[in-house]
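Report on one structure; see the data block that follows.
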Amino acid sequence: MDLHDTSELIRNAAARAAAYHASLNARGVAPTAAALAALAAFDEPFPEEPTSATETLELLDCIGSPATMATTGGRYFGFVNGAVLPGAMAAHILATAWDQNAALSAMSPLASRIRSVVSRWLVEALQLPGGTEAMFVGGATVSNLCGLAAGRDFVLAQTGWDAAGDGLIGAPPVTVVVGEQAHSTIAKSLSIIGLGRKRVTVVPTDDQGRILASQLPDVDGPVIVVTQAGELNTGAFDPFPEIIDWARQRNSWVHVDGAIGLWAAASPARRHLTAGMAEADSWATDGHKWLNVPYDSGIILIRDAALLRPTMSARAGYLPDGDLDPMHHTPQSSQRARAVDAWAALRTLGRTGLAELVDRCSDHARRFAEGLHAAGVEVLNDVVINQVLVGFRDDATTDRVIEHIQNSGECWCGGTMWKGRKAMRISVSSWATTAEDVERGLAAMIAAVRAGG
Ligand SMILES: *Cc1c(COP(=O)(O)O)cnc(C)c1O
């Protein structure tokens, strides 16, 4: 095959992708047992000789497509797995053909320009302070890590300690304050950056999982506080003004884990939930959840991007050191041009479309809560954004109802633990979810309650 021969293959892939999307509404959300059994076809020995790309694509489509979870349709409500917007998918396909390395502007001036445009749009859409920069990473786990690493370096620098240079052995202790419901990836990030999973000061939360500001500890010395915009079960927002007040009295670093909820700031109807949030120092969010861009897209927004450099920069004689080069501001060096997907999503949505996406998903979530409440199901959260948390009679019933829903193919929801009991989460995170999908999902849930409750 030479470069001229690739066009037929690319068209073939595009045609198969289009057929897959067109099939989403008619198929069950979870793959069938038969589709999963057929995955055995992938268990081939490593081919001795080259294999045809056309035939490889055909195998992937014929066996792979039916075995997918239909997360990019309108009736997947599990975890917070977003779908993919058509405009973002199209741009992603082209960007894959470009195969740009976005590590350095010297490697891809195009990727660098698009990142800076998206950064400006995001700061505007999310109403963050001027001068804030957005860097693209693999997901909100990594964006949390970036915000916390910058915070660690900042608070230790205030004491005269160079954490990036000298590490943490012998450094003054850093107090990390988190809420009881902090996302699991905060502990993971703290472990990776050497602050330790266990060395956190945990603040109790209220019935929605919000930090109780009155319970913030009286600490001094270097302090980082981790707040949340959009608790993963309830969608709740921490009381930012009180927490940031407390933090400013201590010259501490404030990080916001807004993997889900940061987007509420883009909606005039829901922006009030994020009041005070813009006073923080760093904000983590995901593109691949609510913005509906392809996976492997997290975003770290930081008031002073230069604070990422001490830890993230990679120095060598052959490496240019451009001002906002992603390689010197994120854990990865080589990286795909992730900003292209977000650029296309934001450009095709526009300001009103982005707000509408947030509001529509949130309204659907509210309809789920109303419909389930009317059917006698207990709704455990105040539905403020796209997350609904419901409880059934007891833990065993909850397990049975969830299994019934997942097996129905009509929709897909997962379980969680909430304040000591099992519960079911409904997350409306797909642009493709329609009012009809919600009614179908509700009917499947209510049928599962009747059958299993
Ligand atoms: C999903 C999520 C994360 C982790 O994001 P990934 O994209 O899976 O790495 C962190 N915090 C919260 C609140 C989340 O919902």
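We count ligands from 1, going down the list as the structure has it; atoms in each ligand are counted the same way.
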For this session: Please write down residue, atom name and distance for the protein heavy atom closest to atom 1 (C) of ligand 1.
Result: K289 NZ, 1.3 Å
Problem set entry | Numbered atoms of ligand 1 (with element) below 4.0 Å of G139, judged on heavy atoms | 7 (O), 9 (O)
For this session: Look at the rings of F77 and F368 and say which category their plane angle falls in: under 30° parallel, 30 to 60° tilted, over 60° perpendicular.
Result: perpendicular
Exercise. Any chance the side chains of N144 and S189 put a donor and an acceptor closer than 3.5 Å?
Worked result: no
Exercise. Any luck finding a side-chain donor-acceptor pair between W253 and S282 under 3.5 Å?
Worked result: yes
Problem set entry | Closest approach of any protein heavy atom to atom 9 (O) of ligand 1, naming residue and atom | T141 OG1, 2.5 Å
Exercise. Would you call E242-R210 a salt bridge at under 4.0 Å N-O?
Worked result: no
Seminar exercise, completed: Numbered in order shown, the ligand 1 atoms found under 4.0 Å of a heavy atom of A259 are 2 (C), 3 (C), 10 (C), 11 (N), 12 (C), 13 (C), 14 (C), 15 (O)
Exercise. Under 3.5 Å, N or O to N or O, is A140 touching ligand 1 that way?
Worked result: yes
For this session: Using side-chain contact (heavy atoms from CB on, under 4.5 Å) as the criterion, point out the one residue from L354, V80, I385 that pairs with W290.
Result: I385
Exercise. Do any nitrogen or oxygen atoms of Q228 lie less than 3.5 angstrom from nitrogen or oxygen atoms of ligand 1?
Worked result: no
Exercise. In terms of atom number and element, which parts of ligand 1 are under 4.0 angstrom from non-hydrogen atoms of I260?
Worked result: 15 (O)
Exercise. Counting only heavy atoms, which portion of V142 has something under 4.0 Å from ligand 1: side chain, backbone, both, or neither?
Worked result: neither
Exercise. Would E231 count as a contact of ligand 1 if the rule is a heavy atom under 4.0 Å away?
Worked result: no
Seminar exercise, completed: Closest non-hydrogen atoms of I193 and L168, given as atom of the first, atom of the second and distance, are O-CD1, 3.5 Å
Exercise. Hey, is D153 close enough to R309 for a salt bridge, meaning N to O under 4.0 Å?
Worked result: no
Exercise. For D257, is the nearest heavy atom under 4.0 Å from an atom of ligand 1?
Worked result: yes
